[in-house]
2 protein chains.
Amino acid sequence: MTEKSSASRVHAQLRDMAIRFAFKPGERINESALTRALDVSRTPLREALNRLVAEGFLTLRPGQGFFCRALDPQQVAELYQLRTALEVEALRLGLQAEDAALTALGAHLDASEASYAACTDVAELVRMDEAFHLALAGLAGNGELLRMLTNVNERIRYVRMVNLRQLRSGAGEDLSAHRRITEAVLRRDAGAAEAALRGHIERRAEETRALVRLAYSQLYVPD
Amino acid sequence: MTEKSSASRVHAQLRDMAIRFAFKPGERINESALTRALDVSRTPLREALNRLVAEGFLTLRPGQGFFCRALDPQQVAELYQLRTALEVEALRLGLQAEDAALTALGAHLDASEASYAACTDVAELVRMDEAFHLALAGLAGNGELLRMLTNVNERIRYVRMVNLRQLRSGAGEDLSAHRRITEAVLRRDAGAAEAALRGHIERRAEETRALVRLAYSQLYVPD
DNA sequence: GTATCACAATCTGTATACAGCTCTTAATGC
DNA sequence: GCATTAAGAGCTGTATACAGATTGTGATAC
């Protein structure tokens, strides 16, 4: 069953590790240690690392090797703005989709709403949250846009998990945000849909911004 | 003076080649030939190729190697939509910038308008066009957004050159589009600025779409 | 003339080897 | 005790070697 190449397999593994900050922010990545951990030679390992650099998960300092990306408020804020840009434009485009696609989105929400409210696993929660937003953005039928949005999502997934954990433990989560967006979409009300979506993302961005600023010390929880 | 690593140097060279479609769309890339042409071994070459895959310039078919990206109307349309998404949101954010930054954009336009109208070199024309849009997007102060926009620009630069060449030889170029956008920005008129920018990009996208569809056969001009 | 199959050449993907640089550490001088 | 420095280990970046797969070619059968 090990059909795929070592490089792509290692690339997927390393991306998962980078998403969950298995490498600490700013940390240097030891290639020799990784070859032992992942049981590959340095050639495919470095090919995967180079791809992760291009994807924004790592940086490469010449002569010093690969480092994990930083995790500062500025970077997170920028990525949330990027997410807004992509999702809002995708929404505009998606409103041109045919009725069947829109009602499918509504059905998706109806089906997942209950399990979303009942879910206690934060990772699963984020997965469902991302799934809704990706389904919404998918209405645009733009593969490149979806690819970039997926990349942005992966790069902020960690702080998004912390954000949702906080919301669940605290008081403030607004479970009807997705519903309001979806209803505006079903009405093909572009103004209301865009306002709801933009407000939803920016609210989460603001929460996360405060989180990253104030709680940086406990933001990284080692295994 | 050869300070930088082979891999990054080769990466820059290959990106330039990919931008100008020195590799034909869909063409398979012969690594051995490239090692001779660029005078490096396959290891840094393949590291650079892997980064270009992540950047969207190439694709990698398992067991068959690297291929140049396609050049089909759908792909181009998607990238133009992506450009709209990024630039429009950057404009929204940029309107919050301080006066000095806005007037600097106006000065940039004043300074370049004459040479833009007089310029006959299409490559230089595209460079100036991109420079204006990047300066506009730069007002947002979002490095990640600018990075993605730069990548999108590089991937559509070839068709943009063809588009501008056609506009210059024909009748239709609207040289005042940038001016109208800038004036709305200086007035901090968000609605007018967004409408002008969106209309400008979508007009060019539509021209390019027709171009790619109808003139695909002469779109690729080998050296 | 067309399809099938075998063989050879070529290419991809990976492992390994090695040169040069970087960082650490220990020793020395003050 | 502290800064400086020199030696050593470890690491990065690149070249090369090799196994397996793929593609192209030519022969053969029909």
Side-chain angles (χ1 to χ4, degrees), chain A residues 1-18 21-70 220 222, chain B residues 1-18 21-70 220 222:
Chain A
M1 274 297 283
T2 64
E3 296 192 21
K4 304 205 61 174
S5 70
S6 289
S8 63
R9 178 173 48 83
V10 168
H11 172 254
Q13 290 179 305
L14 290 175
R15 190 181 49 197
D16 283 345
M17 293 172 72
F21 278 104
F23 313 111
K24 301 182 188 178
E27 183 186 43
R28 169 156 162 204
I29 292 175
N30 190 321
E31 298 177 18
S32 311
L34 269 185
T35 58
R36 286 186 289 274
L38 302 181
D39 194 41
V40 287
S41 76
R42 282 182 61 217
T43 307
L45 174 68
R46 282 179 59 90
E47 291 190 3
L49 290 171
N50 271 281
R51 282 172 66 160
L52 292 170
V53 169
E55 289 166 355
F57 291 108
L58 307 177
T59 61
L60 176 57
R61 261 180 274 177
Q64 299 183 41
F66 297 89
F67 292 78
C68 182
R69 69 192 186 281
Y220 176 75
Chain B
M1 274 296 283
T2 64
E3 297 191 21
K4 304 207 61 175
S5 70
S6 291
S8 64
R9 178 173 48 81
V10 169
H11 173 253
Q13 290 180 304
L14 290 176
R15 190 181 50 197
D16 284 344
M17 295 171 73
F21 277 102
F23 311 111
K24 301 182 189 177
E27 183 186 43
R28 168 152 163 210
I29 292 176
N30 189 323
E31 298 177 17
S32 310
L34 270 184
T35 58
R36 286 186 288 274
L38 302 180
D39 194 42
V40 286
S41 76
R42 282 181 62 216
T43 306
L45 174 69
R46 281 179 59 89
E47 291 191 3
L49 290 171
N50 271 281
R51 284 175 61 163
L52 292 170
V53 169
E55 289 166 356
F57 291 109
L58 306 177
T59 60
L60 176 57
R61 261 179 275 178
Q64 300 184 40
F66 297 89
F67 292 78
C68 180
R69 70 190 185 283
Y220 176 75

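Here is how names work: the chains are called A, B, and so on, in the same order as the sequence lines, proteins then strands, and each is numbered from 1.
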Taking N or O atoms only and anything under 3.5 Å, show me the protein contacts with nucleotides 8-12 of chain C, one pair per line.
residue, atom, partner, partner atom, Å
C/dC11, OP1, B/Asn30, ND2, 3.0
C/dC11, O3', B/Arg28, NH2, 3.2
C/dT12, OP1, B/Ile29, O, 3.2

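Partners of A/Arg42 under the salt bridge (Lys or Arg N to Asp or Glu O under 4.0 Å) rule, at least two apart in sequence or in another chain, are A/Glu31. Every residue two or more places apart in sequence or in another chain was checked for a side-chain hydrogen bond (donor to acceptor under 3.5 Å, both in side chains) with B/Ser41, and none qualifies. Residues meeting the side-chain hydrogen bond (donor to acceptor under 3.5 Å, both in side chains) test with A/Ser8, sequence neighbours left out: A/Ser5.
Across all strands shown, A/Thr43 has heavy atoms under 4.0 Å from base atoms, whether or not it also approaches the sugar-phosphate.
The outermost nucleotides of DNA chain D lying under 4.0 Å from heavy atoms of chain B, listed 5' to 3', are D/dT14 to D/dT23.
To the nearest 0.5 Å, the span separating CD on A/Glu47 from CZ on A/Arg51 amounts to 8.5 Å. Atom CZ in A/Arg28 sits 13.5 Å away from atom CG in A/Leu58 (nearest 0.5 Å). Taken from CD1 in A/Ile29 to CZ in A/Phe66, the straight-line distance is 8.0 Å, to the nearest 0.5 Å.
Using a 4.5 Å cut-off on side-chain heavy atoms (C-beta onward), B/Leu38 and B/Leu14 make contact.
Within the structure, side-chain hydrogen bond (donor to acceptor under 3.5 Å, both in side chains) pairs that include any residue of residues 55-70 of chain A comprise A/His11-A/Glu55 (at least two apart or interchain).
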